[in-house]
Amino acid sequence: MSYQVLARKWRPRNFSTLVGQEHVVRALTHALSEQRLHHAYLFTGTRGVGKTTIARILAKSLNCESGVTATPCGTCSACQEIDGGRFVDLLEVDAATNTRVDEMRQLLENAVYAPTRGRFKVYVIDEVHMLSNSAFNAMLKTLEEPPEHVKFILATTDPQKIPVTVLSRCLQFNLKQMPAAAITNHLTHILQAEEISHDAPALGLIARSAAGSMRDALSLLDQAIAHGAGKVEEGQVRAMLGTVDQDYLFAILEALAAGDASAMLAVAADLGVRSLSFAAALQELAALLTRIQIAQCVPTAIDDDEPERERLLAIAAAFSPEFIQLAYQIALVGRSELSAAPDEYAGFVMTLLRLHAFRPSSVADVVAASRQRGTVPLPSATPRSAPRPESVPPTPAPSSPPAAATVPRSEVGAAPMVSEHDWDAIVAALPLSGLARTLAQHCELRRMDDGECLLRLAPAQTHLQMKPAPERLQQALSDYFARPLRLRFELAANEADTPAATAGRERQERQERAEAAIARDGFVRDVIESLDASVVEASIKPIA
């Protein structure tokens with residue numbers, strides 16, 4: 001008797017044996033029980049999650065001789081023929097090889113005829129996104145209003161390539177990737193039924209390698225059984241998959257906690273001798289660091305029956321949560337840099353040494369150490385009663401007000417008027433930025449007395465008075481002169497240069513000097529004369 005692979009032998013025959021798609025099973029079961037049947041279904045999801053399997057179970061539910069039911073009997077001729085792929089009214093079409101419009105039209109022309117054996121004629125179109133645009137357009141009308149005896153079941157791994165007009169005519173179900181725990185439990189059930197010796201860690205490796213696909217997991221299980229001569233053991237599965245033993249990863253982290261770089265390099269050398277993938281090692285290291293971070297932040301999330309629980313908790317206690325985050329990032333970056341390294345071994349070793357170089361027990365220790373090394377007296381710590389001598393102007397007589405000794409630029413504040421020439425220096429000294437500085441640079445100082453500052457602003461610049469620029473300028477002037485000032489504007493043409501005009505004139509003068517220097521340069525003149533060249537004046541920029 002020929003051997004049947006596990007993926008076909010253990011394909012679910014009804015909704016109760018389907019694994020990991022409870023949301024789809026629930027919706028279809030209720031629809032079948034209440035006879036609320038749609039004419040078109042679309043199943044989406046990655047490979048090996050059950051799209052075709054659900055389509056066949058749904059076809060059995062629609063055509064079972066016991067009636068439309070969510071629990072097909074599996075023993076009638078219709079159910080057995082569907083399971084065997086011989087049911088004449090179940091048409092499975094591979095859209096990847098039947099992409100043309102002529103093939104789709106030929107298929108749909110037969111849809112008008114009544115089913116031969118069953119209750120419904122079921123069209124299962126796999127990889128429907130591979131159809132051409134013309135083929136999609138050809139099926140739109142039939143898909144929207146098919147005959148009562150026709151049901152369409154579409155399946156795809158890439159729903160984004162399906163036209164919206166097709167999506168709107170279907171009930172769409174998104175099948176999820178299988179959780180690793182669900183795959184492990186299903187593999188355990190199969191091996192127990194097949195009476196094959198196995199251990200739990202080996203099945204966990206297969207489940208993680210399957211990446212959410214039950215079909216991939218069953219194919220790997222077939223390979224593992226053959227590789228282990230009828231047994232599924234962790235060591236043999238690791239050798240078959242080329243995965244890195246967790247002992248290597250724990251040895252790296254334990255050496256890292258002890259600060260033993262030589263032990264880390266010994267682990268790297270051992271991995272190289274065994275020809276294990278360094279990229280896979282860093283990937284598994286990142287996954288282990290994730291579990292360690294979970295153990296640090298949510299200890300209750302680690303199951304009591306976790307085989308490596310004690311080692312996880314020991315590593316979690318040896319490092320700070322901040323360092324685990326850093327180590328996780330280093331592992332990911334190191335894995336992405338392997339292709340740019342001289343060789344994979346060198347890239348892996350440099351990643352381990354990077355972990356060793358950045359191994360502080362906590363970020364707080366680093367901050368504390370840097371503060372201890374860089375502690376200097378802050379200017380704010382200087383007592384206000386003893387200011388620096390150079391910041392205090394000499395007082396002419398003991399009768400002068402005490403406040404005058406602490407007011408910067410007191411000689412400016414004491415003057416009843418400020419000349420127009422001083423405004424450039426005042427604006428340059430004000431701690432302003434953005435719109436407030438632009439406003440100050442375009443103003444002309446008209447008058448300043450003890451409580452008011454009058455500025456003239458050209459009518460073309462009134463947009464600069466948008467809030468909060470005037471308030472910020474007023475506050476900066478009050479702080480500069482160390483007394484409250486009320487800022488007032490008058491709109492009129494400027495009679496003298498503003499700081500902005502002065503700066504513009506100086507820029508223009510520098511530009512003219514630069515252009516004149518270029519024109520006088522002997523080398524430039526020679527090039528112009530010998531090559532009939534010309535100078536692009538816009539490219540000349542002053543260097544000072």
Side-chain angles (χ1 to χ4, degrees), residues 6-64 66-74 76 78-87 89-96 118-130 143 150-159 162 166-167 169-179 182-183 185-186 189-190 210 212-219:
L6 296 178
R8 295 184 60 186
K9 181 178 181 180
W10 289 93
R11 181 191 290 271
R13 299 290 190 266
N14 50 57
F15 289 124
S16 61
T17 58
L18 199 65
V19 179
Q21 307 298 343
E22 289 78 9
H23 63 297
V24 178
V25 171
R26 186 176 195 178
L28 294 178
T29 300
H30 290 172
L32 290 167
S33 300
E34 299 175 8
Q35 304 295 308
R36 299 176 64 89
L37 303 177
H38 202 269
H39 60 269
Y41 298 87
L42 174 63
F43 298 129
T44 66
T46 186
R47 76 279 178 273
V49 294
K51 300 184 295 296
T52 306
T53 297
I54 294 178
R56 291 180 179 177
I57 296 175
L58 182 58
K60 286 197 296 184
S61 299
L62 294 172
N63 288 294
C64 183
S66 61
V68 177
T69 175
T71 56
C73 65
C76 66
C79 290
Q80 290 181 353
E81 289 178 8
I82 291 176
D83 287 335
R86 305 185 305 273
F87 193 63
D89 291 321
L90 174 61
L91 291 88
E92 296 191 21
V93 181
D94 180 16
R119 192 176 295 106
F120 294 96
K121 182 177 288 187
V122 181
Y123 289 89
V124 178
I125 306 178
D126 199 9
E127 300 299 337
V128 69
H129 67 274
M130 299 291 289
L143 190 63
V150 172
K151 301 295 180 185
F152 286 99
I153 303 177
L154 313 180
T156 179
T157 56
D158 195 355
I162 299 178
V166 174
L167 294 176
R169 290 165 167 80
C170 303
L171 285 185
Q172 183 173 347
F173 295 93
N174 184 24
L175 277 64
K176 300 180 295 185
Q177 287 188 322
M178 302 286 183
I183 295 178
N185 293 335
H186 189 57
H189 168 70
I190 291 175
S213 171
M214 185 64 76
R215 184 173 61 232
D216 288 2
L218 292 173
S219 298

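If you read the sequence from its start, that first residue is 1, and numbering goes on from there.
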Check your understanding: Under 4.5 Å between any side-chain heavy atoms of Val124 and Val122, yes or no?
Key -> yes

Practice item. Please examine the side chains of Val49 and Lys176, heavy atoms only from C-beta on, and report whether any two atoms are closer than 4.5 Å. Key: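 Side-chain contact under 4.5 Å: no.
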
Point to revise | Pairs touching residues 18-61 that satisfy ring-ring contact (aromatic ring centres under 6.0 Å, His included), sequence neighbours left out | key: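 Pairs touching residues 18-61 that pass the test: Phe43-Phe173.
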
Could you tell me which residues satisfy side-chain hydrogen bond (donor to acceptor under 3.5 Å, both in side chains) with [X], sequence neighbours excluded, listed by chain and number?
X	result
Thr71	Thr69
Thr46	none
Lys9	Glu194
Asp83	Lys60

Point to revise | Asp89: salt bridge (Lys or Arg N to Asp or Glu O under 4.0 Å) partners, not counting sequence neighbours | key: none

Exercise for review: Would you please name every residue forming a salt bridge (Lys or Arg N to Asp or Glu O under 4.0 Å) with Asp94, sequence neighbours left out?
Suggested key: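 Salt bridge (Lys or Arg N to Asp or Glu O under 4.0 Å) list for Asp94, sorted by chain: empty.
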
Review point. What's the verdict on side chain to side chain contact (heavy atoms under 4.5 Å, CB included) for Val68 and Arg119, showing C-alpha distance, side-chain angles and the deciding distance?
Key: CA-CA 9 Å; Val68 177; Arg119 192 176 295 106; 3.8 Å; yes

Do you know which two heavy atoms are closest between [X] and [Y], and how far apart they sit?
X	Y	result
Ala210	Ile183	CB-CD1, 4.3 Å
Thr156	Asp158	OG1-N, 3.0 Å
Leu143	Ala40	CD1-CB, 3.8 Å
Ser61	Leu32	CB-CD1, 3.6 Å
Leu175	Gly50	CD2-C, 3.6 Å

Exercise for review: Verify side chain to side chain contact (heavy atoms under 4.5 Å, CB included) between Thr157 and His129, making sure each step is shown before the conclusion.
Suggested key: CA-CA 8 Å; Thr157 56; His129 67 274; 3.6 Å; yes

Study note, to complete from the structure: The single option from Met214, His186, Arg215 that satisfies side chain to side chain contact (heavy atoms under 4.5 Å, CB included) with Met178 is Met214

Revision key, fill the gap. Between Tyr123 and the options Leu154, Val150, Ile153, Leu90, the side chain to side chain contact (heavy atoms under 4.5 Å, CB included) test singles out Val150

Please round to the nearest 0.5 Å and tell me the distance separating atom [atom1] of [X] and atom [atom2] of [Y].
X	Y	atom1	atom2	answer
Arg56	Lys51	CZ	NZ	12.5 Å
Leu58	Ile54	CG	CD1	9.0 Å
Ile162	Cys170	CD1	SG	7.5 Å
Cys76	Ile82	SG	CD1	7.5 Å
Ile125	Met130	CD1	CE	14.0 Å

Can you list everything that forms a side-chain contact (heavy atoms from CB on, under 4.5 Å) with [X]? Sequence neighbours excluded, please.
X	value
Thr53	Arg11, Pro12, Leu18, Ile57
Arg86	Glu81
Gln172	Leu42, Thr44, Pro159, Leu167
Ala31	none

**Study point:** Pairs touching residues 16-43 that satisfy salt bridge (charged side-chain N to carboxylate O under 4.0 Å, His left out), sequence neighbours left out
**Key:**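 Applying salt bridge (charged side-chain N to carboxylate O under 4.0 Å, His left out) to every pair that reaches into residues 16-43, excluding sequence neighbours, yields nothing.
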
Practice item. Please determine, by modelled atom types, if Ser16 and Asn14 share a side-chain donor-acceptor pair under 3.5 angstrom. Key: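 Side-chain D/A pair, Ser16 to Asn14: present.
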
